[in-house]
A.B. asks: 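This is the structure, below, for whatever I ask next.
The shown structure was predicted, so the numbers you read here are calculated from the model rather than taken from an experiment.
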Amino acid sequence: MKAALKYQILEFKKSTVIFYIIVLLVHVFFASIITVNDTTFRSDGGFEVATIIYLFISGLNSFKETFGMFIQNGVSRKTMFLSRTVSFLVISLIMVFMNFIFVRVLGLLNSSRFSVTDMYENIFEKRVDTINGLTRGFESLMLSLGVYLIAISLGYLITVAYYRMNKAGKLAVSVGVPVSVFVLLPMIDLTLDGRITSFMAKILTTIIGIRSGYPYYMYITSIIAFALFIMLSWFLMRKAVDKN
Amino acid sequence: MSIEIKNLSKNYKSVQALDDVSIRFEENKIYGLLGRNGAGKTTLLNIITNRIFADRGEVFIDDIPSKENDQALQKVYLMSEKNFYPDKMKIKDIFRWTGEFYGKFDMESAMNMAEKFELSTNKVVKGLSTGYTSIFKVIIALSVNTPYVLLDEPVLGLDANHRDLFYKLLIEKYSEKPSTIIVSTHLIEEVSNVIENVVVIKKGKIIKDETREELLTAGYTISGSASLVDQYILGKSVIGLDVLGGLKSAYILGELEKDKLPEGLEVSRMDLQKLFIQMTNA
């Protein structure tokens with residue numbers, strides 16, 4: 001378990017360093033530009049959004065190669081899965097704290113023309129003024145952690161599911177999902193005067209906590225979603241075999 | 001201390017790869033796992049190492065069920081034909097990680113072997129030829145120091161010099177630190193001098209599990225002028241013939257009656273490859 005965990009955590013090392021170099025360079029670049037040009041730069045939760053995309057892609061790349069390496073090295077699927085889950089928690093926690101620090105450091109430069117804020121502040125704008133700094137910091141960290149875990153575990157679930165599917169299954173999902181979401185659903189929604197989208201928006205804003213203004217809804221949603229994605233991943237990978 | 005396989009069966013759709021296989025691989029012996037293409041050799045090795053699952057039956061490694069069991073799986077290393085290591089990983093990093101997973105991996109020995117094979121450990125897996133891909137995996141197998149080492153077509157793509165070096169290192173390693181080694185190969189003639197026990201698998205069934213000596217004493221080879229050989233083999237169980245000019249060699253199953261051997265004929269040991277062909281044909 002120790003070696004498997006070490007391997008899976010270190011897998012993220014290089015790409016995470018590159019990610020931070022790029023994101024920081026982008027911020028530094030824009031901070032420099034506004035000093036010479038009459039322009040503005042706003043990053044409202046941009047750090048976290050970039051992290052969510054990065055973690056989702058990392059999740060997508062977290063199965064096939066590692067699975068091969070581990071079956072070659074006598075690691076059971078159970079250990080692969082447990083160490084993978086722990087590695088997701090570790091990498092998400094590391095990025096939560098890194099982002100927390102970076103956003104606050106860059107926030108010191110905030111002015112009328114340059115602004116870097118976090119995701120929490122943008123979603124729960126009204127709540128920020130009603131709580132103390134410590135509670136705000138804690139809630140912000142928890143919100144980021146929950147969203148990051150959802151992103152990475154969803155990516156992982158998708159890649160494990162694709163690995164287990166045969167060619168016909170992959171084709172059906174690859175075509176069926178986009179067609180359903182981007183063609184069929186809007187068409188049906190149109191015939192129902194937008195009732196589907198307004199219902200979905202209502203559900204989404206409720207489970208995220210936007211409607212109530214409380215982030216706790218999002219914590220519960222994150223826990224449920226992460227647990228669900230991880231459990232489904234285990235269900236799919238426990239019988240995974242070399243397919244080549 | 002052994003790998004014990006009990007009533008193992010595996011089907012791939014309508015193809016029965018293994019059919020109720022039961023066998024025991026004992027401690028510190030070198031086995032040759034011989035069989036034609038598609039006989040079930042790789043399937044058997046893959047099930048032992050938990051890479052695929054059997055439909056029925058069980059595998060025990062030192063009395064521990066191997067299925068999804070880290071403790072049992074850490075006692076076995078399978079060098080397979082297919083590469084499972086990350087394509088972009090350097091060989092030296094693969095050695096290092098093997099050391100993390102298998103605590104007894106001997107890095108010094110691996111680096112020495114790499115030098116002998118002239119393998120650059122700074123190269124990535126993807127950058128290696130077929131022969132060198134086999135070589136780096138062979139080096140790991142010979143340095144991993146697990147009680148059971150399984151080699152599936154270990155000399156695939158290796159030239160004659162490297163094959164010779166591999167067999168030499170295998171014997172050296174076995175003499176220094178004995179372990180159970182199972183070599184699955186098509187190159188029977190080459191491996192016949194290395195193995196102590198022969199397991200022959202045919203259409204998913206074990207048809208022979210004997211020592212090499214037992215198997216080779218099941219018959220003999222007779223050589224001489226073609227006419228003499230033809231006369232001698234009448235009524236005998238001949239499993240193969242080789243003709244070179246006026247000389248002929250016949251591979252015969254059964255016990256040699258020395259007193260009935262005509263002059264001008266020479267007797268030698270049975271040929272393992274000929275015996276294998278006879279056993280696995282049809």
A.B. asks: What part of B/Phe53 lies closer than 4.5 angstrom to a heavy atom of chain A: side chain, backbone, both or neither?
C.D. replies: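 When you check distances to chain A, atoms from both the backbone and side chain of B/Phe53 fall under 4.5 Å.
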A.B. asks: Quick check on A/Lys239 against chain B: is it the side chain, the backbone, both or neither that has a heavy atom closer than 4.5 Å?
C.D. replies: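 For A/Lys239, the contact with chain B is made by backbone and side chain together.
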A.B. asks: Using non-hydrogen atoms only, which part of B/Asn69 is less than 4.5 Å away from chain A: side chain, backbone, both, or neither?
C.D. replies: backbone
A.B. asks: Can you name the residues of residues 66-74 of chain A that have some heavy atom under 4.5 Å away from a heavy atom in chain B?
C.D. replies: A/Gly68, A/Met69, A/Phe70, A/Ile71, A/Gln72, A/Asn73, A/Gly74
A.B. asks: Hey, is CD on B/Glu68 packed in by over 12 heavy atoms from elsewhere, all under 6.0 Å?
C.D. replies: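 Count over threshold, so yes.
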A.B. asks: I need the residue from B/Asp70, B/Thr146, B/Leu73 with the largest number of non-hydrogen atom pairs under 4.5 Å to chain A.
C.D. replies: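 Of B/Asp70, B/Thr146, B/Leu73, B/Asp70 has the most heavy-atom pairs under 4.5 Å with chain A.
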A.B. asks: Examine whether an atom of B/Ile52 lies under 4.5 Å from a heavy atom of chain A, and if so say whether it belongs to the side chain, the backbone or both; otherwise answer neither.
C.D. replies: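 When you check distances to chain A, atoms from both the backbone and side chain of B/Ile52 fall under 4.5 Å.
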A.B. asks: Do other residues, nucleotides or ligands put more than 12 heavy atoms under 6.0 Å from the CE atom of B/Met107?
C.D. replies: yes
A.B. asks: Please give me the minimum heavy-atom distance between B/Pro86 and A/Tyr7, naming the atom from each residue.
C.D. replies: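 It is CG-OH, 3.5 Å.
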A.B. asks: Is it the case that more than 12 heavy atoms not belonging to B/Asn122 sit under 6.0 Å from its CG atom?
C.D. replies: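 More than 12 heavy atoms, drawn from other residues, nucleotides or ligands, come within 6.0 Å of this atom.
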A.B. asks: If you compare all heavy atoms of A/Asp242 against all heavy atoms of B/Lys82, which two are closest, and at what distance to 0.1 Å?
C.D. replies: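 Shortest heavy-atom separation between A/Asp242 and B/Lys82 comes out as OD1-NZ, 3.6 Å.
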A.B. asks: Within this structure, what is the CZ-NZ distance for the pair B/Phe101 and A/Lys6, rounded to the nearest 0.5 Å?
C.D. replies: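 One gets 10.0 Å once the value is rounded to the nearest 0.5 Å.
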A.B. asks: Identify which part of B/Lys75 has an atom lying under 4.5 Å from any heavy atom of chain A, answering side chain, backbone, both or neither.
C.D. replies: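 When you check distances to chain A, no heavy atom of B/Lys75 falls under 4.5 Å.
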A.B. asks: Please indicate whether A/Phe235 has more than 12 foreign heavy atoms, meaning atoms of other residues, nucleotides or ligands, lying under 6.0 Å from its CZ.
C.D. replies: no
A.B. asks: For B/Phe60, I'd like to know if atom CZ has over 12 heavy atoms of other residues, nucleotides or ligands within 6.0 Å.
C.D. replies: yes
A.B. asks: Could you look at B/Asp87 and say if it's the side chain, the backbone, both or neither that has a heavy atom under 4.5 Å from chain A?
C.D. replies: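 Contact with chain A: backbone only.
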A.B. asks: If you count every heavy atom of other residues, nucleotides or ligands that lies below 6.0 Å from A/Lys170 atom NZ, does the total exceed 12?
C.D. replies: yes
